[in-house]
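A short worksheet on the structure shown next.
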2 protein chains.
Amino acid sequence: MATIRDVAKLAAVSVATVSRVLNNNGYVNKETKEKVQQAIQLLQYEPNTMAKGLAGKKTETLALVLPDISNPFFSEVARAVEDVAQLYGYTVVLCNTDSDTDKEQTYIQVMKRRYVDGMLFASNTLRAADVLMLNKANIPLVVLDRAPANVPCLVVRSKNNEGAKLAIRHLLDTGCRRIAHIYGPQETATGKERLIGYEEAVRSFPWYSPTLMEPGQFSIQGGMAAAEKLMERHPDIDGIFAGNDLMALGALKKLQQLGIPVPGRVSLIGFDGIELTRITEPELSTIAQPIYEIGATATRLLIKKIEGVQLENETYECEVELMARGSTRGNAEAGR
Amino acid sequence: MATIRDVAKLAAVSVATVSRVLNNNGYVNKETKEKVQQAIQLLQYEPNTMAKGLAGKKTETLALVLPDISNPFFSEVARAVEDVAQLYGYTVVLCNTDSDTDKEQTYIQVMKRRYVDGMLFASNTLRAADVLMLNKANIPLVVLDRAPANVPCLVVRSKNNEGAKLAIRHLLDTGCRRIAHIYGPQETATGKERLIGYEEAVRSFPWYSPTLMEPGQFSIQGGMAAAEKLMERHPDIDGIFAGNDLMALGALKKLQQLGIPVPGRVSLIGFDGIELTRITEPELSTIAQPIYEIGATATRLLIKKIEGVQLENETYECEVELMARGSTRGNAEAGR
DNA sequence: CTGAAAGCGCTTACAG
DNA sequence: CTGAAAGCGCTTACAG
């Protein structure tokens with residue numbers, strides 16, 4: 001492998017000059033530049049990223065920390081992150097935490113010693129101490145969904161509460177009169193906020209009861225189990241709002257197994273807008289977040305921060321959108 | 001950030017000694033070792049990975065090149081790769097190629113200059129020249145599914161031909177008498193081999209016709225379109241073998257939209273065994289590859305190669321397994 | 001506009 | 001068992 005020294009020798013200049021044309025900074029005479037570029041061509045020279053990183057204090061690497069890449073929501077986010085990163089010349093390192101605090105700690109340490117230029121957190125276990133530590137280590141940070149309390153940091157998130165209310169209004173509008181909720185883990189901001197949105201939207205109704213709420217761990221299995229319990233407990237339920245699409249998918253499957261027509265007898269709506277909502281028959285109505293946009297925006301913000309743009313430590317809230325499809329009444333023919 | 005120098009000073013030894021205890025190589029007196037470890041503790045010292053990489057010629061980084069992380073098959077693979085890598089102290093860099101040769105070339109260059117310790121290719125566009133180049137650059141390589149012709153390299157793959165035949169046999173066993181095939185891109189090994197397996201299994205039947213084969217691009221959309229065409233062209237089809245699960249999922253959706261009972265009138269089977277095959281009702285029968293195992297095995301082999309273990313450039317073939325579930329006849333109650 | 005030199009934070013023979 | 005020193009391949013003030 002050719003080094004910058006070889007190029008310098010061949011072009012009969014100093015390594016400093018080669019470095020200048022390489023990075024396009026500092027003045028360099030046009031002819032000199034051409035000589036250097038020819039040498040680079042000839043030697044097929046490619047700069048060593050590590051040496052560059054060590055000398056220049058930049059690695060052009062981003063760490064993406066998420067619970068599980070095989071969860072379709074996060075793989076869509078990851079795709080967006082990598083696309084944008086690639087556009088700006090950054091490389092993405094993948095970290096699966098399984099929402100396990102220990103694993104997350106390990107990764108934070110590992111990424112710190114790798115001197116990643118920035119971190120993107122889409123995991124729920126980030127604590128205030130971690131944020132502080134990263135600040136101290138001078139590693140820019142963008143958090144998805146949830147900021148630890150009392151520490152300033154950049155957050156990109158969706159309007160969960162509003163989305164939940166949108167879901168309930170849609171179910172009411174399409175004739176539902178007894179609406180249950182399958183909720184996600186209450187340690188997560190998304191799980192909690194959507195549950196609160198549901199409660200706020202329905203608690204004034206005479207039919208409201210806490211027994212209309214059932215946890216589903218944000219998973220397909222959890223959604224199936226929750227739907228089964230709910231229908232057993234309240235056979236007159238005619239609408240279900242699931243806190244994410246995975247649980248809604250599980251609920252749909254269970255309802256179909258039980259022979260309960262969707263949306264004929266029970267309307268069903270999820271939250272997130274992952275691609276999978278389109279693979280079932282009927283297609284799943286959902287409150288869609290702009291998943292790709294969230295990942296892309298977060299990455300752009302992170303890169304800006306890395307490149308020294310002063311950003312307020314604010315929260316970027318993304319709009320959510322009702323996708324009325326086959327699984328809610330009046331939309332059986334929609335989305336085809 | 002403390003450096004190795006700070007540690008050396010505090011422990012009153014040389015940096016060489018610190019390096020030795022850090023890497024646990026070379027002799028070092030027990031008491032000295034303890035002194036050093038205490039200093040490390042005190043200073044909260046963490047070695048700089050880049051400096052280590054530059055000096056030691058190792059980055060402990062693996063590049064994972066795949067078409068698209070948001071494809072569930074690849075996100076399952078990625079999860080396995082990262083798990084194993086993490087276990088051995090390696091970090092994984094993500095590269096989405098969209099099966100685009102240009103993007104792939106770019107990534108190969110970028111990863112080369114980053115001096116990744118090894119590459120895992122799960123993309124179909126790898127060419128013989130690339131393999132040779134990586135060999136020359138001394139970057140160990142493991143390929144998933146497909147090896148370019150005429151160049152030695154390590155390949156991990158599944159028994160596609162055999163799997164296709166297993167699928168056809170299952171359809172025949174459960175009473176199908178006219179079986180169609182939705183096939184994947186013929187530039188891919190998987191797409192091609194499964195199509196060949198299908199042809200070999202059915203061509204001796206009197207009902208066989210080339211018009212029973214329809215391309216579906218390995219996608220849900222493609223699967224839907226293909227299923228529609230097939231049923232229009234041959235309304236008497238009573239079994240469909242799709243070359244992957246995504247296309248099978250698309251076919252299932254289309255059949256349900258058309259009001260064609262599955263498996264009542266048409267039995268359906270996919271290939272891959274992704275998790276999504278369980279979310280539909282009926283669940284999808286499929287020829288399962290051990291996806292996680294494939295990713296894990298490939299990563300272990302790659303790490304062995306990196307660590308200097310001599311490996312034959314052979315092909316590791318994984319077994320496939322018939323998962324008979326609700327979408328094929330006689331299994332309507334299976335898998336619940 | 002260009003070069004010499006120091007330095008980034010490690011590892012690794014080589015002496016001792 | 002331990003240290004001095006060279007070197008990994010770059011960048012970046014500092015002179016000129």
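In this structure, the OH atom of Tyr27(A) is 15 Å from the C1' atom of dA13(D), given to the nearest Å. When the P atom of dA4(D) is taken as reference, atom NZ of Lys9(B) falls 13 Å away, rounded to whole Å. Rounded to whole Å, atom P of dC1(D) lies 12 Å from atom NZ of Lys30(B). At whole-Å resolution of the value, NZ in Lys58(B) and C1' in dT12(C) are 16 Å apart. Atom CD of Glu31(A) and atom P of dC1(C) are 12 Å apart (whole Å).
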Exercise for review: Carefully, step by step, assess Ile291(B) and Val77(B) under the rule side-chain contact (heavy atoms from CB on, under 4.5 Å).
Suggested key: CA-CA 6 Å; Ile291(B) 307 182; Val77(B) 169; 3.7 Å; yes

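Note that the CD1 atom of Ile4(B) and the CD atom of Glu46(B) stand 13.5 Å from one another [nearest 0.5 Å]. The distance from atom CG of Asn25(B) to atom OG of Ser19(B), rounded to the nearest 0.5 Å, is 6.5 Å.
Enclosure of atom OH in Tyr88(B) is not indicated, since only 12 or fewer non-hydrogen atoms of other residues, nucleotides or ligands lie within 6.0 angstrom. When the shell of 6.0 Å around NZ of Lys304(A) is examined, it contains 12 or fewer heavy atoms from other residues, nucleotides or ligands.
Between Asp6(A) and Lys9(A), no side-chain nitrogen of the basic residue sits less than 4.0 Å from a carboxylate oxygen of the acidic one, so the salt-bridge criterion is not met.
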Just the atom pairs and distances: protein N or O near nucleotides 7-10 of chain D's N or O, under 3.5 Å.
unit_1  : atom_1 : unit_2   : atom_2 : d
dC8(D)  : O3'    : Lys57(B) : NZ     : 2.9
dC8(D)  : O2     : Ala55(B) : N      : 3.3
dG9(D)  : N2     : Ala51(A) : O      : 3.4
dC10(D) : OP1    : Tyr45(A) : OH     : 2.7
dC10(D) : OP1    : Asn48(A) : N      : 3.1
dC10(D) : OP2    : Ile4(A)  : N      : 2.6
dC10(D) : OP2    : Tyr45(A) : OH     : 3.4
dC10(D) : O5'    : Tyr45(A) : OH     : 3.1

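Using N1 to N3 plus N6-O4 or O6-N4 for Watson-Crick, or N1-O2 and O6-N3 for G-U wobble, each under 3.5 Å, dC14(C) pairs with dG3(D).
Note on Thr17(B): a side-chain N or O is less than 4.0 Å away from OP1 or OP2 of dG3(D). The shortest distance between the side-chain N/O atoms of Thr32(B) and the OP1/OP2 oxygens of dC1(D) is not below 4.0 Å.
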